[in-house]
Amino acid sequence: MIQKAFIFLAIGLLGFTTITRSQNLVNGKKIYETRCLVCHQADGGGVPNMNAPLDGSSNVIGNDIARLVKIIKKGYNERVALDGAYYSNAMTPNPDLTDAAIADVLSYIRNSWSNKASLVTIAQVKKTVVKK
Ligand code: HEC
């Protein structure tokens, strides 16, 4: 009896995790399409010399989540080499995105096209301190 209950609980948790995971990515895709696609393109390939690609970017799939959170919140116009190339456009900031929305859009870009990396949690976004 207890074993049965445990199995149901385990299956339920697994199902729940799968649903919330795909829900994050669905939300992330919506945010991407309304805010990011215009520059980074539907295929995540960016525009050569102008808008950095997100597909295949070592930073996007890397472990520095705090850097990614800052870029989304504050925008980005550093003109440093990204995987050896430079981009002339300035990325606009997104000060109105909630922590959950930032977690979703980062999870989406880390798991789209050829990218495969861990999902970003709301806790990871919250603990990133971004100066006003
Ligand atoms: C106005 C065009 C524009 C929009 C809109 C935009 N970006 Fe960007 N993004 C850029 C440019 C240009 C760079 C590189 C800037 C530089 O090199 O200084 C960049 C850089 C980045 C980087 C760093 C890439 C790396 O390899 O380090 C990430 C991550 C990123 N953008 C994600 C996003 C996400 C997610 C959105 C939507 C919420 C978004 N961007 C919206 C133009 C844009």
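As the structure lists them, so they are numbered: ligands from 1, and atoms in each ligand from 1. Note that the numbering runs from 1 along the sequence shown for the chain. Just so you know, these numbers come straight off a predicted model, no measurement behind them.
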Can you sort out which atoms of ligand 1 are near [X], meaning under 4.0 Å from one of its heavy atoms?
X   : value
M50 : 12 (C)
N59 : 25 (C), 26 (O), 27 (O)
T92 : 5 (C)
S57 : 25 (C), 26 (O)

* Short check: any N/O/S atom of C36 below 2.8 Å from atom 8 (Fe) of ligand 1? ->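 Checking C36: none of its N, O or S atoms is under 2.8 Å.
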
* So, is N51 placed with an N/O/S atom under 2.8 Å from atom 8 (Fe) of ligand 1, counting both backbone and side chain? ->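 No, N51 does not qualify, because none of its backbone or side-chain N, O or S atoms lies under 2.8 Å.
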
Could you tell me whether a side-chain N or O of [X] sits under 3.5 Å from a main-chain N or O of [Y], the two making a donor and an acceptor?
X    : Y    : value
R110 : L119 : no
N115 : I109 : yes
T128 : V69  : no
R79  : Y86  : no
N51  : N89  : no
H40  : A52  : yes
W113 : G45  : no

How far is [atom] from its nearest protein heavy atom, and which residue and atom is that?
atom                    : value
atom 15 (C) of ligand 1 : Y76 CD2, 3.5 Å
atom 4 (C) of ligand 1  : C39 SG, 3.4 Å
atom 17 (O) of ligand 1 : L82 CD1, 3.7 Å
atom 35 (C) of ligand 1 : I72 CD1, 3.3 Å
atom 23 (C) of ligand 1 : I71 CD1, 3.8 Å

* Structure fact -> Vertex atom 8 (Fe) of ligand 1, ends M91/SD and H40/NE2: angle to nearest 10° comes to 180°

* Asked: At what distance, to the nearest 0.5 angstrom, does CG of D55 lie from CD of Q41?
  ->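 Those atoms lie 12.5 Å apart.
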
Per-residue contact class, [X] against ligand 1 - non-hydrogen pairs under 4.0 Å:
X   : value
R67 : side chain
L68 : side chain
D83 : neither
L97 : neither

* Asked: Of the listed options (L54, L37, N89), which comes nearest to atom 24 (C) of ligand 1 when hydrogens are ignored and any heavy atom counts?
  ->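 It is L54 that holds the nearest heavy atom.
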
* Are D83 and S58 linked by a side-chain donor-acceptor pair shorter than 3.5 Å? -> yes

* To do: Indicate yes or no: does an N/O atom of Y32 lie under 3.5 Å from an N/O atom of ligand 1?
  =>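 No, since none of the N or O atoms of Y32 sits under 3.5 Å from an N or O of ligand 1.
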
* Asked: Would you say R35 has any N or O atom under 3.5 Å from an N or O of ligand 1, going by distance alone?
  -> no

* Contact check, A90 vs ligand 1, heavy-atom distance below 4.0 Å ->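 Yes.
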
* **Within 6.0 angstrom of N77 CG, more than 12 heavy atoms from elsewhere** =>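 More than 12 heavy atoms, drawn from other residues, nucleotides or ligands, come within 6.0 Å of this atom.
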
* Look at atom CG of D64 and say whether more than 12 heavy atoms of other residues, nucleotides or ligands are closer to it than 6.0 Å. =>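 Counting neighbours around CG of D64, more than 12 heavy atoms of other residues, nucleotides or ligands fall under 6.0 Å, so yes.
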
* Any salt bridge between R35 and D96, counting N to O under 4.0 Å? ->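 Yes, R35 and D96 are salt-bridged.
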
